[in-house]
*Asks:* 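Below you will find the structure I want to go over with you.
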Amino acid sequence: MTEPLLEARGIVRSFGHVQALRGADFTVNAGEIVGLIGDNGAGKSTLVKILSGADVPSAGEILVDGVPVRFENPQDARAAGIETVYQDLALAPDLDPTANLFLGREVLRPGLLGRIGWLDKAAMARQTADEVVRLGVNLEDPAAAVATLSGGQRQGVAVARAAMWAKKVIFLDEPTAALGVVQTQGVLDLIHRVRESGIAVVLISHNMQQVLEVCDRVEVLRLGERVAQLATEGTDVEQLVSAMTGGTTNREQGR
Ligand SMILES: Nc1ncnc2c1ncn2[C@@H]1O[C@H](COP(=O)(O)OP(=O)(O)OP(=O)(O)O)[C@@H](O)[C@H]1O
Ligand SMILES: [Mg+2]
């Protein structure tokens, strides 16, 4: 049996008296697009932060390829092949897409006599152009500051950055919430291209129709716990809503 790419077991996280996660489980398998759904406050963003190293649980286990790991910070998660696009994107608005894609990971050319090198801007711009073309992001001027881009283009740059560095999993927290129909379709196409490159995608969304269209599988969080794992095939919106709100439909697909 192949191990899940990424797995959370019994994750607990409290904020004062609020128990955001009460022993939550989560599974991502290689090559799949997983929807992570749940009502407001169910604990989705908290779980994503923990699996991205941006927050640390008080109990529970994280496993990568079946091996227990500890993520103390986002660098630890990135080193394990996990990239995250947060809802606010965390791009640097005054920099161009190339500078954003390489933020904190700039390519240096070796300096003379082993001294500190200088930034290899040409190499970075070339790689950015390749990545942008590969993912089908539509940028008229690749050197324009991110602040001047449309919401959909910015989303494309953020996903491209994650796709360029991710080796295993990309988390997308509400990537289309602020987008129009065409831009939304662009991001959904991007998600498929990322998956085709062999990277698993976790999509957090409140749009159940979209989740059913894009995802292979859905995991449902309710009150800080996983309450269902469903294949999207043969599942309808009503069943998803029922699982989120604790209705009767709970077709557990235990692995
Ligand atoms: N930094 C924090 N400080 C205090 N409480 C927090 C913090 N982060 C999350 N919470 C609480 O934890 C619970 C889960 O929040 P979380 O953001 O994970 O939910 P969510 O499922 O992402 O919801 P939404 O769909 O609204 O984004 C909520 O009750 C929230 O108020
Ligand atoms: Mg959230």
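Throughout, residue positions are numbered sequentially from 1 according to the sequence presented. Counting starts at 1 for both ligands and their atoms, following the listed order.
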*Asks:* Go through the side-chain N and O atoms of S45 and D173 and say whether any donor and acceptor fall under 3.5 Å apart.
*Replies:*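 Result is yes, a qualifying pair exists.
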*Asks:* Quick one, M208 with M244, criterion side chain to side chain contact (heavy atoms under 4.5 Å, CB included). Give me CA distance, side-chain angles, the key distance, then yes/no.
*Replies:* CA-CA 11 Å; M208 295 302 120; M244 289 196 316; 4.0 Å; yes
*Asks:* So, does R195 use its side chain to make a donor-acceptor pair with the main chain of V201 at under 3.5 Å?
*Replies:*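 No, because the side chain of R195 does not come within donor-acceptor range (under 3.5 Å) of the backbone of V201.
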*Asks:* The Mg ion (ligand 2): which protein N, O or S atoms are under 2.8 Å away?
*Replies:*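 Within the sphere that stays under 2.8 Å of the Mg ion (ligand 2), the protein atoms of type N, O or S are S45 OG.
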*Asks:* Look at the aromatic rings of F26 and F171 and report parallel, tilted or perpendicular, splitting at 30° and 60°.
*Replies:*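 Judged by the thresholds at 30° and 60°, the geometry between F26 and F171 is tilted.
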*Asks:* Can you find an N/O atom of G41 closer than 3.5 Å to an N/O atom of ligand 1?
*Replies:*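 Yes: some nitrogen or oxygen of G41 is under 3.5 Å from one in ligand 1.
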*Asks:* Please list, in number order, the atoms of ligand 1 under 4.0 Å from a heavy atom of D39.
*Replies:*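 Here the atoms of ligand 1 in question are 21 (O).
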*Asks:* Below a 4.0 angstrom heavy-atom separation, can you tell me which part of L221, side chain or backbone, both or neither, approaches ligand 1?
*Replies:*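 No part of L221 is near ligand 1 at this cut-off.
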*Asks:* Mind checking whether N40 contacts ligand 1 via backbone (N, CA, C, O), side chain (CB onward), both or neither, at a 4.0 Å heavy-atom cut-off?
*Replies:*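 The answer is both.
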*Asks:* Please state which protein non-hydrogen atom is closest to atom 16 (P) of ligand 1 and give its distance, to 0.1 Å?
*Replies:*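 That would be T46 OG1, 3.6 Å.
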*Asks:* At what distance is the nearest protein heavy atom to atom 4 (C) of ligand 1, and which residue and atom is it?
*Replies:*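 Here the nearest protein heavy atom works out to F15 CB, 3.3 Å.
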*Asks:* Just need the protein heavy atom nearest to atom 25 (O) of ligand 1, so name the residue and atom and give the distance.
*Replies:*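 Here the closest protein heavy atom is K44 NZ, 2.7 Å.
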*Asks:* Checking contacts here: is it the side chain or the backbone of H206 that comes within 4.0 Å of ligand 1, counting heavy atoms only? Could be both or neither.
*Replies:*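 The answer is the side chain.
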*Asks:* Can a protein heavy atom be found under 4.0 Å away from atom 1 (N) of ligand 1?
*Replies:*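 Protein heavy atoms within 4.0 Å of atom 1 (N) of ligand 1 - there is at least one.
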*Asks:* What verdict does the side chain to side chain contact (heavy atoms under 4.5 Å, CB included) test give for V202 and V48, after you've listed the backbone C-alpha separation in whole Å, the side-chain angles of each residue and the deciding distance to 0.1 Å?
*Replies:* CA-CA 9 Å; V202 180; V48 169; 5.6 Å; no
*Asks:* Would you tell me whether R226 and T27 have side-chain atoms, one donor and one acceptor, within less than 3.5 Å of each other?
*Replies:*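 Side-chain D/A pair, R226 to T27: present.
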*Asks:* G38: heavy atom below 4.0 Å from ligand 1, yes or no?
*Replies:*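 Distance cut 4.0 Å: G38 fails for ligand 1.
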*Asks:* How close does the nearest protein non-hydrogen atom get to atom 31 (O) of ligand 1, and which residue and atom is it?
*Replies:*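 The closest heavy atom on the protein side is V18 CG1, 4.8 Å.
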*Asks:* Please indicate, with yes or no, if any protein heavy atom is found under 4.0 Å from atom 14 (C) of ligand 1?
*Replies:*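 Given the 4.0 Å cut-off, atom 14 (C) of ligand 1 counts as touching protein heavy atoms.
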*Asks:* Among all protein heavy atoms, pick the one closest to atom 17 (O) of ligand 1 and tell me residue, atom and distance.
*Replies:*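 Result: S45 CB, 3.7 Å.
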*Asks:* What's the verdict on side chain to side chain contact (heavy atoms under 4.5 Å, CB included) for L6 and K168, showing C-alpha distance, side-chain angles and the deciding distance?
*Replies:* CA-CA 8 Å; L6 177 64; K168 290 182 189 295; over 6 Å; no
*Asks:* Using a 3.5 Å cut-off on N or O atoms only, is A20 in polar contact with ligand 1?
*Replies:*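 The answer is no, given that A20 and ligand 1 share no N or O pair closer than 3.5 Å.
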